[in-house]
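Below, chains carry the letters A, B, ... as their sequence lines are ordered, and counting in each starts from 1.
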There are 2 protein chains.
Amino acid sequence: MDRNALGILRQYDLRHTDTRENILNGFLQKTTALSHSDIEVYLNDGFDRVTIYRTLKTFLDKGIIHKILDDNGGVKYALCKDQCASGHHHHDHVHFKCSECNETFCLEKFLIPEIILPAGYQRKDINVLVQGTCPKCN
Amino acid sequence: MDRNALGILRQYDLRHTDTRENILNGFLQKTTALSHSDIEVYLNDGFDRVTIYRTLKTFLDKGIIHKILDDNGGVKYALCKDQCASGHHHHDHVHFKCSECNETFCLEKFLIPEIILPAGYQRKDINVLVQGTCPKCN
DNA sequence: CTAAATTTGCGTTTTGATTACAAAAAATCT
DNA sequence: AGATTTTTTGTAATCAAAACGCAAATTTAG
């Protein structure tokens, strides 16, 4: 099962629009996480900023993409695997940001080990960002 | 050894100014991580935004405080323990953000377990944010 | 093709962050 | 203490990022 933009839109019950198709194609092509401005660049100013905001929000809400924290007070996004749906995210994998090339990767195969919390703390979601240098940069 | 603002400033070789003393006292009093705007509120508009930015940057550089990532594309700050110094940070503990009260806590006693990375990835820093509900909110 | 619902684009506004520069304050020295 | 040097601060201006309302355009369904 390879994934394509139209299939994803249909799967998640979203209307088929140019913006959505293009942004999804961006995520499908790039192997790294994308920030809002990465997407703007990718789309070559063909679409409005606001539309991109709204599209990302829609994708987030539906569980098509997930947030990846950034160290300089920003957020990046990457596609979720199929187990994700609205509200139910299962992407407990490690994220890696290279401090040389500033790219962020989803290390899908590398799961977050169990993290023990003090009594009374209810875990809902977890985000792990490792920073360092990626294979290309060292 | 209890810590006070003046002692910290002396320890880190920083001049003693009103802004720094007040901001440090804020960190010492609050048990939660503070954002830039939290600090603005705490200081009751007594100091300029720009000064706060600069003070936080100074503290970060010296290793007095450390960054805590936030899920909505922001950053919060909290005091480092004594092992930290310029460049050498040792705060591999878990951070917890409550989705009810939106407070972020340093769980100093709860260390991040070892995280395995694919070959070629060099780890330098790590940040773990667990989200859920804190003891007060459930 | 038409109508209803959703999505998009634009203008406006708000907020956050950075810079340059002059004024003020802190530490040092006599 | 007073003067000097260095650091820090406040102001104003600039710039970018994000949010909102509304009208126009597009998609889907009938």
Side-chain angles (χ1 to χ4, degrees), chain A residues 4-27 33-62 64-65 67-77 86 102 104, chain B residues 4-27 33-62 64-65 67-77 86 102 104:
Chain A
N4 63 70
L6 274 72
I8 294 175
L9 288 176
R10 223 175 296 118
Q11 176 187 351
Y12 286 93
D13 218 21
L14 287 176
R15 295 196 174 195
H16 167 220
T17 69
D18 277 8
T19 320
R20 289 174 180 169
E21 179 175 350
N22 277 280
I23 294 182
L24 276 178
N25 280 329
F27 280 116
L34 303 177
S35 67
H36 181 110
S37 73
D38 290 336
I39 294 169
E40 271 185 298
V41 171
Y42 172 80
L43 295 175
N44 230 322
D45 284 329
F47 301 89
D48 193 85
R49 295 179 59 73
V50 181
T51 304
I52 299 175
Y53 283 120
R54 284 186 286 218
T55 304
L56 290 173
K57 179 160 185 355
T58 304
F59 287 174
L60 266 182
D61 291 345
K62 286 285 184 175
I64 299 177
I65 59 178
K67 272 191 192 179
I68 300 172
L69 305 186
D70 201 78
D71 61 320
N72 53 20
V75 185
K76 295 189 172 190
Y77 306 90
S86 311
N102 284 314
T104 301
Chain B
N4 63 71
L6 274 73
I8 295 176
L9 288 176
R10 224 176 296 120
Q11 177 187 352
Y12 287 94
D13 217 20
L14 286 175
R15 292 197 176 193
H16 167 222
T17 70
D18 277 8
T19 321
R20 289 174 181 167
E21 180 175 348
N22 277 281
I23 294 182
L24 275 178
N25 280 329
F27 280 116
L34 303 177
S35 67
H36 180 107
S37 73
D38 291 335
I39 294 170
E40 270 185 299
V41 172
Y42 172 79
L43 295 175
N44 232 324
D45 284 330
F47 300 89
D48 193 84
R49 296 178 57 74
V50 181
T51 304
I52 300 175
Y53 282 120
R54 283 185 289 219
T55 304
L56 290 173
K57 179 162 183 355
T58 304
F59 287 174
L60 266 182
D61 290 347
K62 287 284 183 175
I64 299 177
I65 58 177
K67 270 190 194 180
I68 300 172
L69 305 187
D70 201 79
D71 62 319
N72 54 19
V75 186
K76 295 189 172 190
Y77 305 91
S86 311
N102 283 314
T104 302

Which sits closer to the 5' end of DNA chain D, B:Thr51 or A:Ser37, going by the nucleotide each is nearest to? B:Thr51
Side chain of [X]: nearest nucleotide among [options]?
X       : options                : answer
A:His16 : C:dG9, D:dA18, D:dT28  : D:dT28
B:Tyr53 : C:dG16, C:dT8, D:dT9   : C:dG16
A:Arg54 : C:dC10, C:dT7, D:dT8   : C:dC10
B:Arg20 : D:dA12, D:dT27, D:dT9  : D:dT9
A:Asp48 : D:dT27, C:dC10, D:dG10 : C:dC10
B:Val50 : C:dC10, D:dT9, C:dT19  : C:dT19

Send over the distance from [X] [atom1] to [N] [atom2], rounded to a whole Å.
X       : N      : atom1 : atom2 : value
B:His36 : C:dG16 : NE2   : C1'   : 8 Å
B:Leu24 : D:dT8  : CG    : P     : 14 Å
B:Arg15 : D:dT7  : CZ    : C1'   : 4 Å
B:Ile52 : C:dT15 : CD1   : P     : 16 Å
B:Asn72 : D:dA17 : CG    : C1'   : 13 Å
B:Leu56 : D:dT8  : CG    : C1'   : 15 Å
B:Arg49 : D:dA13 : CZ    : C1'   : 14 Å
B:Glu21 : D:dT7  : CD    : C1'   : 17 Å

For A:Asn102 and A:Lys76, work out which heavy atoms get closest and say how close. O-NZ, 3.0 Å
Pick base, sugar-phosphate or nothing for A:Thr19, based on heavy-atom distances below 4.0 Å to the nucleic acid. sugar-phosphate
Does A:Tyr77 reach the side chain of A:Ile68, with side-chain heavy atoms less than 4.5 Å apart? no
Which residue in the set A:Ile8, A:Ile64, A:Leu14 passes side chain to side chain contact (heavy atoms under 4.5 Å, CB included) when paired with A:Arg20? A:Leu14
Any side-chain donor near an acceptor of the partner, B:Asp61 and B:Thr58, under 3.5 Å: no
Hey, does the side chain of B:Thr17 come within less than 4.0 Å of D:dT7's phosphate (OP1/OP2), counting only N and O? no
OG1 (B:Thr55) and CD (B:Glu21) are apart, to the nearest 0.5 Å, by 12.5 Å
